[in-house]
Amino acid sequence: MAETLGLMNGKRGLIMGVANNRSIAWGIAKALADAGAELALTYQGDALKKRVAPLADQLGAFVAGHCDVTDAESIDNVFKALEEKWGKIDFLVHAVAFSDKDELTGRYVDTTSENFNRTMDISVYSLTAVTQRAEKLMNDGGSILTLTYYGAEKVMPHYNVMGVAKAALEASVKYLAMDLGPKNIRVNAISAGPIKTLAASGIGDFRYILKWNEYNAPLRRSVTIDEVGDSALYLLSDMSRGVTGEIQHVDCGYNIVGMKAVDAPDISVVKD
Ligand SMILES: NC(=O)c1ccc[n+]([C@@H]2O[C@H](COP(=O)([O-])OP(=O)(O)OC[C@H]3O[C@@H](n4cnc5c(N)ncnc54)[C@H](O)[C@@H]3O)[C@@H](O)[C@H]2O)c1
């Protein structure tokens, strides 16, 4: 981890999307805590509470409660808890996405209306829903960060409706950045390279996608949650005070590549 002592001293914020210690949100939480931030975490349902509570303890973080972004009341309760505890917040991390894994394989054209709408609600609208609440607590400016993926820009195998959702999420970042800029609230996204997490395990042939990235990214490896965490620290701290509406790739450079590297081996899909 990079040396960041004190960069976030005096700053407080909410991190949504920690499921376990492999979550990207956990990498971000660790980087922020190391830099001196005070954190609040949410969890989605009792099953995840058991995992999130000990992780929160490790960082001395406040557990702001259950939050399912499809349930507006649960979002309101979390922000009420934050208002009571701190009065204001300085940053918000939105690392939340979901789609039916049966539709993260095969053809996009077969997406159902039900899963399309659910994917959009959880993975796209939720950023706007939490931003509405955060705006009221960011009375001294702030920084909001979400997580996206290259499948928003280019067609990736099996990413399907999630690619469409991430494209909408990236457009939301820009519209929110414009709306909140006059209040000195910045809104950015990190487009992370593939990382083996709970959510990623739902994507068809994920190991193949991961390997392909490792062989073909300029850095010839895949990115880690700690590296995403350090880039998030930049976007959530005053170091990036002149940056908003930005989609920052943190993917070992994969997004600049046009075709297979000449030194990359030919690989094929390996089924578990
Ligand atoms: N892992 C990757 O390869 C990768 C790459 C780029 C972007 N991302 C994005 O990073 C973000 C975090 O995912 P991750 O890979 O760390 O996986 P993860 O499974 O650790 O985290 C996903 C989180 O979304 C939460 N979530 C899902 N539905 C929810 C709901 N209805 N209400 C509240 N929370 C809900 C889960 O509780 C979980 O904490 C997602 O937006 C994902 O699309 C992941």
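Whatever order the structure lists them in is the order used to number ligands and atoms, beginning at 1.
Among residues two or more places apart in sequence or in another chain, the ring-ring contact (aromatic ring centres under 6.0 Å, His included) test is passed with Tyr159 by Tyr149. With sequence neighbours excluded, the residues that form a side chain to side chain contact (heavy atoms under 4.5 Å, CB included) with Asn255 are Tyr150, His249, Asp251.
At a heavy-atom cutoff of 4.0 Å, ligand 1 is surrounded by Gly17, Val18, Ala19, Ser23, Ile24, Gln44, Leu48, Cys67, Asp68, Val69, Ala95, Val96, Ala97, Phe98, Ile122, Leu147, Thr148, Tyr149, Lys166, Ala192, Gly193, Pro194, Ile195, Thr197, Leu198, Ala199, Ala200, Phe206.
Hydrophobic side-chain contacts under 4.5 Å tie Val257 into a cluster, directly or through other members, with Ile256.
A donor and an acceptor atom, one from each side chain of Asp68 and Thr70, are located under 3.5 Å apart. Using a 3.5 Å distance cut-off with no hydrogens or angles, the side chains of Asn115 and Ser99 do pair a donor with an acceptor.
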Margin query: For Glu83 and Lys80: C-alpha separation, side-chain torsions, deciding distance, then whether salt bridge (Lys or Arg N to Asp or Glu O under 4.0 Å) applies.
Written below: CA-CA 5 Å; Glu83 189 173 14; Lys80 222 178 284 164; over 6 Å; no

